[in-house]
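Just so it is clear, the values below take in all heavy atoms, side chains as well, and ignore hydrogens, waters and symmetry mates. All residue numbers in this chain count up from 1 along the given sequence.
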Amino acid sequence: LEKTNLTEILRTFSKDELFKFGDFVKSPYFNKKSNVVKLYSLLLKCAPLFNPEKINKEVLWKKIFPGKEYNYGVMKNLIHDLTKLAELYIGISDTLTCSHFEKSLIIQLGKRGLTKLLEKRNLQFEKQLDDSIVRDEQYYIDKLFIVQQKQVLEVNKSLIEKYSSDTSLLAEKLYVHFSCLDMLQCLIELERSSAGHNLTEMKAVMQFFSSREKYFASVPETYCYYLLCRARLEENHSFFFSAKAIFADSCKTFTKLQKQLLYTSLLNYCVDNAEDKVFADEYFLFYVNMTNDPDFPFMENQKISSYSFRNTIHASIHLGKLEYLESYIRRFLNIVNAPRESLEKYAYAMLYNSKGEYRKSLDMCSMIDYNDFFESVKDNYFFKNDIRMITLKNCYELGLYENVISAINSHKKYLKNIHIANEISRKSKLVFLGHMLRFVKLLENGEKTTLEDFRNELKNAPSFFHQAWLIGKVTEKLEQ
């Protein structure tokens with residue numbers, strides 16, 4: 001049972017959820033099979049670790065059906081039934097703790113003609129929303145639903161007109177919110193693509209929104225997205241800093257998902273303007289603030305995503321914050337959602353290389369097992385690229401030029417065969433590898449005049465991966 005969907009789900013349950021799910025399984029409304037109850041009772045005793053030896057199918061079978069011969073089909077059906085119950089429990093639990101339940105109940109009351117009860121529940125739902133400090137898009141969707149229910153209930157024309165005004169304003173807030181969110185994602189993609197683009201229509205939409213700013217400026221999340229759109233469209237950094245200030249002031253009122261989306265949007269702006277040291281520093285500070293946030297937004301089931309862990313390493317190295325990086329690795333390594341052994345070697349390989357301890361970094365790289373790194377193909381791609389590149393750089397710094405050539409050829413083959421790579425990124429890396437190969441061969445020939453021409457060629461070349469690093473290394477050789 002170790003690698004089944006059932007144990008994957010159960011491992012995400014808190015202690016309280018494990019016991020509540022036990023009550024759920026015992027409920028005859030949802031489950032009438034006593035052997036499914038027995039199976040869960042046995043699994044509950046193995047929580048939260050679910051040791052493979054204890055949850056072996058045949059071991060569990062003997063306890064559920066003592067004296068009977070093991071039957072694969074029967075056991076498979078029991079596991080399937082319990083898995084379906086676990087999925088149902090997650091769905092129902094979520095529905096009961098969010099607004100979907102209230103709205104569904106109100107709709108059903110209306111269908112059954114229970115007008116007075118509908119009105120009562122609608123008022124209770126409205127009070128519940130207004131008592132909450134969260135003002136996200138779901139809040140306005142729910143408020144719009146409440147107003148629409150009031151329109152159904154009211155027959156007085158003046159009241160209908162009043163509620164129509166409320167409906168219009170709420171709908172506008174939602175329109176602005178989702179428009180700005182979509183526009184921001186589009187602007188980020190456009191800015192990172194090599195294709196030309198016309199922003200006239202977006203600017204026209206933003207000009208209209210600016211004329212209606214007073215109607216949504218009180219909604220922090222929407223206003224942040226609006227300001228970030230203006231910052232990009234008008235190339236005006238002051239809008240970014242305004243968005244950052246609003247985010248800081250309202251952070252405690254945001255849900256975890258809101259924080260994650262806003263952190264990402266603000267970070268993306270810093271990344272796209274990182275050539276300015278101000279934004280390089282801002283980028284790093286955001287990561288420091290995130291890791292000190294009690295409700296760390298990039299945590300999944302009390303685990304930090306490998307994506308966030310990797311980005312923090314890169315940001316720290318880029319800004320030379322190696323002391324912080326060392327403490328960050330020690331603090332968060334055990335709670336990253338990835339295999340610890342491989343990730344530890346990766347993190348210290350990156351750190352040692354940045355500290356100039358190239359032999360130690362190379363040793364770390366050589367101990368990483370590529371086949372046992374990450375389950376996610378995307379994570380594997382990013383981390384493998386990092387390791388291959390840091391291996392190449394370590395070999396160069398140690399004067400192991402034959403190893404450098406071998407690493408270049410291996411990396412080229414990997415990039416040409418990987419299908420999930422972004423084409424622009426792939427080409428940029430391949431250009432770097434081509435230049436790096438020429439550099440090593442020039443060093444082997446020992447011609448400084450040719451090396452000078454090569455440096456000028458690199459300086460005049462279109463931007464490519466690690467361009468500044470390579471120019472720096474050519475300059476070091478020329479000055480020796």
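When atom types are taken as modelled, the side chain of Asn353 and the backbone of Ala349 share no donor-acceptor pair closer than 3.5 angstrom. Glu476 contributes no side-chain N or O that, together with a main-chain N or O of Ile471, makes up a donor-acceptor pair within less than 3.5 Å. Of the possible donor and acceptor atoms, one in the side chain of Ser210 sits under 3.5 Å from a partner among the backbone N and O of Gln207. One N or O on the side chain of Asn394 and one on the backbone of Ile390 form a donor-acceptor pair closer than 3.5 Å. Between the side chain of Ser410 and the main chain of Ser406, no donor-acceptor pair closer than 3.5 Å is present. Side-chain N or O atoms of Ser250 include none that pairs as donor or acceptor with a backbone N or O of Thr253 at under 3.5 Å. Distance alone, capped at 3.5 Å, is enough to place a donor-acceptor pair between the Gln467 side chain and the Leu458 backbone. Here the side chain of Arg426 pairs a donor or acceptor atom with the backbone of Leu415 at under 3.5 angstrom. Listed for the Thr222 side chain is no donor-acceptor partner under 3.5 Å among the backbone atoms of His177. At distances below 3.5 Å, not a single donor-acceptor pair connects side-chain atoms of Ser361 with backbone N or O atoms of Glu357.
Side-chain contact annotation: Tyr226 with Glu213, donor-acceptor N/O pair under 3.5 Å present. Defined by atom type and a distance below 3.5 Å, a donor-acceptor pair is present between the side-chain atoms of Thr4 and Thr7. Under 3.5 Å, the side chains of His314 and Asp386 contain a donor-acceptor pair of N or O atoms. Remark: the Asn5 side chain and the Thr83 side chain contain no N/O donor-acceptor pair separated by less than 3.5 Å.
Between His411 and Tyr414, the angle of the ring planes lies from 30° to 60°, which puts this pair in the tilted group. By the 30° and 60° cut-offs, the orientation of the rings of Phe247 relative to Tyr263 is perpendicular.
Atom NZ of Lys412 sits in a crowded spot, with more than 12 heavy atoms from other residues, nucleotides or ligands closer than 6.0 Å. Under a cut-off of 6.0 angstrom, the local environment of NZ in Lys473 is crowded, with over 12 non-hydrogen atoms contributed by other residues, nucleotides or ligands. Annotation for Tyr70: atom OH counts as buried by contact number, over 12 foreign heavy atoms lying within 6.0 Å.
Within the 4.5 Å cutoff, no side-chain heavy atoms of Glu326 are placed close to those of Glu323. Taking the side chain as every heavy atom from C-beta outward, Tyr89 and Glu17 approach each other to under 4.5 Å. The shortest distance between side-chain heavy atoms of Leu392 and Ile408 falls below 4.5 Å. Residues Leu322 and Lys355 are in side-chain contact: their nearest non-hydrogen atoms beyond the backbone lie under 4.5 Å apart.
Interatomic distance, OG of Ser342 versus CE of Met367, reported as 11.0 Å (0.5 Å rounding).
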Subject >> Working for salt bridge (charged side-chain N to carboxylate O under 4.0 Å, His left out), residues Lys203 and Glu234 >> reply: CA-CA 8 Å; Lys203 288 179 178 177; Glu234 299 176 33; over 6 Å; no
**OP:** Verify ring pair (Phe, Tyr, Trp, His ring centres under 6.0 Å) between Tyr358 and Tyr396, making sure each step is shown before the conclusion.
**Re:** CA-CA 9 Å; Tyr358 304 116; Tyr396 166 78; 9.0 Å; no
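Evaluation of the side chain to side chain donor-acceptor pair (under 3.5 Å) test over residues 432-441, restricted to residues two or more places apart or in two chains, returns Arg438-Glu457. Screening residues 235-247 for side chain to side chain donor-acceptor pair (under 3.5 Å) gives Asn236-Ser238, His237-Tyr269, Lys244-Glu282 as the qualifying pairs, with residues at least two apart or on separate chains.
Taking the ring centroids of Phe241 and Phe279, they lie under the 6.0 Å cut-off. Ring centroids of Phe309 and Tyr328 are separated by less than 6.0 Å, placing the two rings close together.
By the 4.0 Å N-to-carboxylate-O rule, Glu341 lies close enough to Lys345 to be salt-bridged with it.
Cation-pi contact between Lys429 and Phe465: present, with separation from the ring centre below 6.0 Å and deviation from the ring axis of at most 45°. No cation-pi contact links Lys173 to Phe216, judged by a cut-off of 6.0 Å to the six-membered ring centre and 45° from its axis.
Contacts of Phe65 classified as side chain to side chain contact (heavy atoms under 4.5 Å, CB included), with partners at least two apart in sequence or in another chain: Asn35, Trp61, Lys68, Val74, Leu78.
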